[in-house]
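What you see is a predicted model, and the numbers here were worked out from it, not measured in a lab. Residue numbering restarts at 1 for every chain, and letters A, B, ... go by the order of the sequence lines.
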Number of protein chains: 2
Amino acid sequence: MILSFAEMTTQASETPNKDIPEEINGLRMTRQRQEVYRFLMGERIHPTANEVFMGIKKALPNVSLATVYNCLEALVQHKIIRQVNFDREPSRYCPNLDEHGHFHDETTGTIHDVKFKPGINLTDLLDLPPNTVIKDIEITLRGQLA
Amino acid sequence: MILSFAEMTTQASETPNKDIPEEINGLRMTRQRQEVYRFLMGERIHPTANEVFMGIKKALPNVSLATVYNCLEALVQHKIIRQVNFDREPSRYCPNLDEHGHFHDETTGTIHDVKFKPGINLTDLLDLPPNTVIKDIEITLRGQLA
DNA sequence: TTTGTAGCAAGAACTATTCTAAATATCATC
DNA sequence: GATGATATTTAGAATAGTTCTTGCTACAAA
Ligand SMILES: [Mn+2]
Ligand SMILES: [Mn+2]
Ligand SMILES: [Zn+2]
Ligand SMILES: [Zn+2]
């Protein structure tokens with residue numbers, strides 16, 4: 001495959017991604033951010049930064065791992081995606097913005113989104129100190145899909 | 001303060017800790033493991049490995065950080081304490097073995113144990129795939145204690 | 001065009017944690 | 001109690017995910 005000059009340059013002027021808007025939540029969607037976001041939306045496998053890096057290389061051969069980290073951080077900070085951590089493992093990234101938890105299947109290593117049953121408000125079930133303002137809840141499950 | 005010869009030696013033969021048994025859950029409680037565990041039980045502040053390290057130095061001047069990590073890992077693996085992770089921050093350690101979550105107060109940086117209200121079974125509230133064996137649940141809250 | 005700002009790439013730096021190797025302690029057996 | 005095997009500790013080196021620095025490119029405003 002022969003790359004056009006535009007495809008070989010390093011920055012956002014490269015061939016645009018038609019199906020992803022130029023801006024989301026006030027964040028300018030550069031070509032790199034678009035590819036990172038597209039990859040997350042496509043394979044919803046909660047990939048690590050490095051898996052994203054490898055996954056977008058075909059579309060963006062000159063992208064750097066630092067840029068992937070920058071893009072992921074920007075997307076997280078603008079609440080376009082979420083960062084998910086399991087113990088001390090590499091961070092993973094999730095484009096599902098609905099309130100949900102994460103089930104880590106130990107046999108396959110895969111991660112599955114877990115919804116709450118309808119009508120459940122989690123903070124109601126917790127014995128929280130009075131005057132507590134909760135900004136974020138994270139639920140992580142570990143086990144096996146027998 | 002003048003240290004006795006026993007206090008200056010490096011291993012478990014040092015002055016025993018009366019109030020901590022010689023063995024817990026099949027783990028031999030060496031002097032180092034005793035001091036790590038005693039510190040966790042005393043200041044229930046979910047300290048990091050480094051905070052434990054600094055906290056037990058007065059009692060055990062020659063202890064090394066690697067040993068603190070070794071002790072913490074041994075205690076975790078024998079289910080004497082629990083390891084708690086917040087995002088990518090350094091791991092913290094908790095001697096409370098009851099099922100509980102952790103509330104991270106962003107203003108003070110402190111961490112508080114959060115119990116569930118009586119009669120709550122968390123897995124009942126989740127929309128889990130069938131035939132799922134859950135081995136561990138972790139609940140983490142972030143916010144402010146207004 | 002000029003000038004300013006944002007974004008990117010490459011590699012260095014950072015840091016929590018783990019590993020390695022040698023010394024010491026404890027345990028089992030005599 | 002000596003002796004040999006095993007477990008633990010220590011200091012420092014190594015690791016790895018992530019962040020930082022620097023120089024460069026793209027884009028926007030004037
Ligand atoms: Mn990663
Ligand atoms: Mn630590
Ligand atoms: Zn998810
Ligand atoms: Zn706790």
Self-check item: Gln32(B) CD - dT24(C) P separation (whole Å)
Solution: 14 Å
Practice problem: Just compare dT17(C), dA10(C), dT9(D) and give me whichever is closest to any side-chain atom of Thr30(B). | Solution: dT9(D)
Quiz prompt | For Asn70(A), side chain to side chain contact (heavy atoms under 4.5 Å, CB included) partners two or more places apart | solution = none
Exercise. May I ask you to say what Asn70(A) touches in the nucleic acid, namely base, sugar-phosphate or nothing, with a heavy-atom cut-off under 4.0 Å?
Key: nothing
Quiz item: Counting only side-chain N and O atoms of Arg28(A), is one of them less than 4.0 Å from OP1 or OP2 of dA6(C)?
Solution: no
Practice problem: Provide the closest heavy-atom pair for Tyr37(A) versus Ile80(A) in the form atom of the first, atom of the second, distance. | Solution: CE1-CG2, 3.6 Å
Quiz item: Could you state the CD-C1' distance from Glu89(B) to dT19(D), rounded to the nearest angstrom?
Solution: 15 Å
Quiz item: To which residues is Leu97(B) joined in a hydrophobic cluster, defined by side-chain heavy-atom contacts under 4.5 Å among Ile, Leu, Val, Met, Phe, Trp and Tyr, whether direct or through other members?
Solution: none
Quiz item: Taking five pairs at each end, how big is the angle between the two axes of the helix from dT1(C)-dA30(D) to dC30(C)-dG1(D), to 10°?
Solution: 30°
Quiz item: In whole Å, what is the span from the CD1 atom of Ile56(A) to the C1' atom of dC8(C)?
Solution: 12 Å
Practice problem: Let me know, please, whether Ala66(B) or Arg33(B) comes out on the 5' side of the other along DNA chain D by nearest nucleotide. | Solution: Arg33(B)
Quiz item: Who pairs with Ala66(A) by side chain to side chain contact (heavy atoms under 4.5 Å, CB included), at least two apart in sequence or on another chain?
Solution: Ser64(A)
Side-chain donor-acceptor contacts of residues 111-123 of chain B below 3.5 Å, not counting sequence neighbours, with atom names and distances?
unit_1: His112(B); atom_1: NE2; unit_2: Thr110(B); atom_2: OG1; d: 3.1
unit_1: Asp113(B); atom_1: OD1; unit_2: His46(B); atom_2: NE2; d: 2.8
unit_1: Asp113(B); atom_1: OD1; unit_2: His100(B); atom_2: NE2; d: 3.1
unit_1: Asp113(B); atom_1: OD1; unit_2: His102(B); atom_2: NE2; d: 3.2
unit_1: Asp113(B); atom_1: OD2; unit_2: Asn96(B); atom_2: ND2; d: 2.9
unit_1: Lys117(B); atom_1: NZ; unit_2: Asp124(A); atom_2: O; d: 3.0
unit_1: Asn121(B); atom_1: OD1; unit_2: Thr123(B); atom_2: OG1; d: 3.1

Exercise. Please report, rounded to the nearest Å, how far the P atom of dA13(C) is from the CG atom of Leu65(A).
Key: 18 Å
Self-check item: salt bridge (charged side-chain N to carboxylate O under 4.0 Å, His left out) against Glu51(A), all qualifying residues, sequence neighbours excluded
Solution: Arg92(A)
